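Only one structure is covered here, and it is reproduced in the block below.
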Amino acid sequence: MPLRREPTLRQRRLGAEMRKMREQAGLGGSQLARELGLAPTQVTQMENGKIGVSAERLRTVAEACGCSNTPLIDALADIAVERGKGWWEKYRGALSIDFLEIAELEASAHRISTWATTYIPGLQQTEAYAAAVFSRFAPSIPNHDLDARTTFRMQRQQEVQLRGAPYVSFIHEAALRMQFGGPRVLADQLASLIKDSLSGRLSVRVVPFDLDTFPGGGENIMFVEGPVPELATLQMDTAVGVMFFDSPAGLARHRAVFEHLDTVALAETESREFIQSVEDEMRGKYA
């Protein structure tokens with residue numbers, strides 16, 4: 001079987017979960033290989049997502065490792081039998097792998113939660129606002145790259161809306177006031193947020209400046225729930241690029257962050273009123 005040059009996010013996750021099974025069983029790679037009648041290099045390649053794993057092989061690995069978590073095994077078997085290319089593949093080579101992996105993550109989401117502190121979450125950005133966010137980089141990116149990124153972001157929104165996974169968005173007041181593209185672009189973006197909130201497709205909750213604490217970290221994050229809790233993934237925007245986390249401790253920590261946000265953020269109606277007040281302020285700047 002030929003080795004994959006670039007395993008996808010889901011393929012790497014399948015391999016990582018197999019590695020966790022093996023390590024939790026206290027088995028070395030060579031020990032598991034003997035149990036399965038494989039070469040040790042094949043076990044390494046499976047765990048790195050470099051070669052395909054059938055659902056039958058996945059279940060054999062789980063049995064050899066003594067894993068009795070049936071819901072997790074079934075969910076991993078579903079990943080193993082997935083075939084075909086996602087819509088994002090047509091952008092491969094035109095955009096960096098980070099963009100494609102975020103779309104791949106969203107395509108299998110059972111629930112999405114976002115926490116935005118510096119700019120409106122990508123899944124809710126208007127086209128003009130998205131272009132302004134991408135334009136902030138120094139040195140500036142070429143126009144064709146800017147157009148590709150913006151078009152991709154708009155399609156991400158459409159695909160997530162079509163899937164209809166539950167989505168809750170927590171947005172700090174700082175992100176509501178950052179004037180990417182200027183006050184007119186921001187005002188239109190805020191109006192779009194209110195429209196989203198009224199659509200019933202998602203929940204928008206505001207965390208105002210006057211809260212006596214600042215929940216979580218300062219990065220924009222997206223928490224994606226999988227079919228079982230163990231297959232959740234955290235995606236974080238950082239100054240050096242996109243990062244993905246799936247360690248049990250990290251997932252538990254960020255679940256706690258979102259639980260805290262749910263208790264301190266304004267209710268949906270209050271949030272719409274707050275966003276409307278900021279929109280009115282922005283429109284007053286160019287009236």
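When a residue number appears, it is its place in the shown sequence, counting from 1. Values in this document were obtained by computation on a predicted structure and should not be read as measured data.
Cluster annotation: Met178 and Leu176 are assigned to the same hydrophobic cluster (Ile/Leu/Val/Met/Phe/Trp/Tyr, side-chain heavy-atom contacts under 4.5 Å, transitive). Linking ILVMFWY side-chain heavy atoms closer than 4.5 Å, directly or via other members, places Ile194 and Val207 in two distinct hydrophobic clusters. Following chains of ILVMFWY side-chain contacts shorter than 4.5 Å, one cannot reach Trp115 starting from Val133, and the two form parts of different hydrophobic clusters. Note: the hydrophobic cluster containing Leu76 also contains Leu38 (ILVMFWY, side chain heavy atoms under 4.5 Å, direct or indirect links). Hydrophobic cluster membership differs between Val204 and Phe170, with clusters built from Ile, Leu, Val, Met, Phe, Trp and Tyr side chains linked at under 4.5 angstrom.
Closest non-hydrogen pair, Ile171 versus Pro121, comes out as CD1-CD, 4.0 Å. When all heavy atoms are compared, the tightest approach of Cys65 to Leu32 is SG-CD1, 4.2 Å. Annotation for Ala80 and Val53: closest pair CB-O, 3.2 Å, computed over non-hydrogen atoms. The two residues Ala187 and Tyr286 come nearest to each other via the heavy atoms CB-OH, 4.1 Å. Nearest heavy-atom pair, Leu58 versus Leu14, reported as atom, atom and distance to 0.1 Å: CD2-CD1, 4.1 Å. Residue Ala75 comes nearest to Pro227 through the heavy atom pair CB-CG, 3.7 Å, listed as atom of the first residue, atom of the second, then distance.
Here CD of Gln157 is found 8.5 Å from CZ of Arg201. Values are rounded to the nearest 0.5 Å. Rounding to the nearest 0.5 angstrom, the gap separating the CG atom in Asp78 from the CZ atom in Arg10 is 8.5 Å. One distance of note links CD of Gln155 with OG1 of Thr150; it measures 13.0 Å at 0.5 Å rounding. Residue Ile275 holds its CD1 atom at 9.5 Å from CD of Gln189, rounded to the nearest 0.5 Å. Between the CZ atom of Phe258 and the CD1 atom of Ile221 there is a distance of 4.0 Å, given to the nearest 0.5 Å. Atoms CG and CE, on Asn48 and Met18 in that order, are 11.0 Å from each other to the nearest 0.5 Å.
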Begin with the C-alpha distance, continue with both residues' side-chain angles, and end with the deciding distance and a verdict on side-chain hydrogen bond (donor to acceptor under 3.5 Å, both in side chains) for Ser192 and Gln124.
CA-CA 8 Å; Ser192 179; Gln124 296 169 266; over 6 Å; no
As a quick check of understanding, evaluate side chain to side chain contact (heavy atoms under 4.5 Å, CB included) for Lys20 and Asp246, giving each step before the final call.
CA-CA 11 Å; Lys20 288 179 187 176; Asp246 56 35; 3.9 Å; yes
Evaluation steps, side chain to side chain contact (heavy atoms under 4.5 Å, CB included), between Val257 and Leu261
CA-CA 6 Å; Val257 168; Leu261 284 167; 4.1 Å; yes
Derivation and outcome, side chain to side chain contact (heavy atoms under 4.5 Å, CB included), residues Leu251 and Phe223:
CA-CA 9 Å; Leu251 295 178; Phe223 195 96; 3.9 Å; yes
Going through the distances and angles, do Leu234 and Met222 end up as a side chain to side chain contact (heavy atoms under 4.5 Å, CB included)?
CA-CA 6 Å; Leu234 177 77; Met222 177 170 66; over 6 Å; no
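Residue pairs that meet the side chain to side chain donor-acceptor pair (under 3.5 Å) test with at least one member in residues 53-63, sequence neighbours left out, are Arg59-Asp74. For residues 151-170, the salt bridge (Lys or Arg N to Asp or Glu O under 4.0 Å) pairs, not counting sequence neighbours, are Glu106-Arg156. Annotation: side chain to side chain donor-acceptor pair (under 3.5 Å) contacts involving residues 171-186, sequence neighbours excluded, comprise Glu173-Arg177, Arg177-Glu281. For residues 21-33, the side chain to side chain donor-acceptor pair (under 3.5 Å) pairs, not counting sequence neighbours, are Arg22-Glu47. Here salt bridge (Lys or Arg N to Asp or Glu O under 4.0 Å) pairs that include residues 216-235, with residues two or more places apart or in two chains, are Glu225-Arg255. Applying the ring-ring contact (aromatic ring centres under 6.0 Å, His included) definition to pairs two or more places apart or across chains, none involves residues 62-84.
Using a 4.5 Å heavy-atom cutoff, the side chains of Glu17 and Leu231 are in contact. By the 4.5 Å heavy-atom criterion applied to side chains, Phe245 and His254 are not counted as neighbours. For the pair Val168 and Leu202, the minimum side-chain heavy-atom distance is 4.5 Å or more. For the pair Ser203 and Tyr167, the minimum side-chain heavy-atom distance is 4.5 Å or more.
Listed for the Ser135 side chain is a donor-acceptor partner under 3.5 Å among the backbone atoms of Ala131. When atom types are taken as modelled, the side chain of Ser271 and the backbone of Leu266 share a donor-acceptor pair closer than 3.5 angstrom. Within the 3.5 Å criterion, the main-chain N or O of Leu105 finds a donor-acceptor partner in the side chain of Ser108. At distances below 3.5 Å, at least one donor-acceptor pair connects side-chain atoms of Glu270 with backbone N or O atoms of Ala267. Side chain of His260 to backbone of Ala256: no donor-acceptor contact under 3.5 angstrom is found. Of the possible polar contacts, one joining the Asn220 side chain to the Thr117 backbone as a donor-acceptor pair under 3.5 Å is found. With Ser199 contributing its side chain and Asp196 its backbone, the two residues share a donor-acceptor pair below 3.5 Å. Glu101 places no side-chain N or O within 3.5 Å of a backbone atom of Thr8 that could act as its donor or acceptor partner. Between the side chain of Asp145 and the main chain of Ile141, no donor-acceptor pair closer than 3.5 Å is present. Arg12 contributes a side-chain N or O that, together with a main-chain N or O of Pro7, makes up a donor-acceptor pair within less than 3.5 Å.
For Glu279, the salt bridge (Lys or Arg N to Asp or Glu O under 4.0 Å) partners at least two apart in sequence or on another chain are Arg283. By the salt bridge (Lys or Arg N to Asp or Glu O under 4.0 Å) test, Asp262 pairs with Arg205, sequence neighbours left out. Remark: Arg92 pairs with Glu6, Glu89 by the salt bridge (Lys or Arg N to Asp or Glu O under 4.0 Å) rule, at least two apart or across chains. Not a single salt bridge (Lys or Arg N to Asp or Glu O under 4.0 Å) links Glu35 to another residue, sequence neighbours left out. Under the ring pair (Phe, Tyr, Trp, His ring centres under 6.0 Å) criterion, Phe152 pairs with Trp87, Tyr91, not counting sequence neighbours. The ring pair (Phe, Tyr, Trp, His ring centres under 6.0 Å) search around Tyr129 returns Phe180, not counting sequence neighbours.
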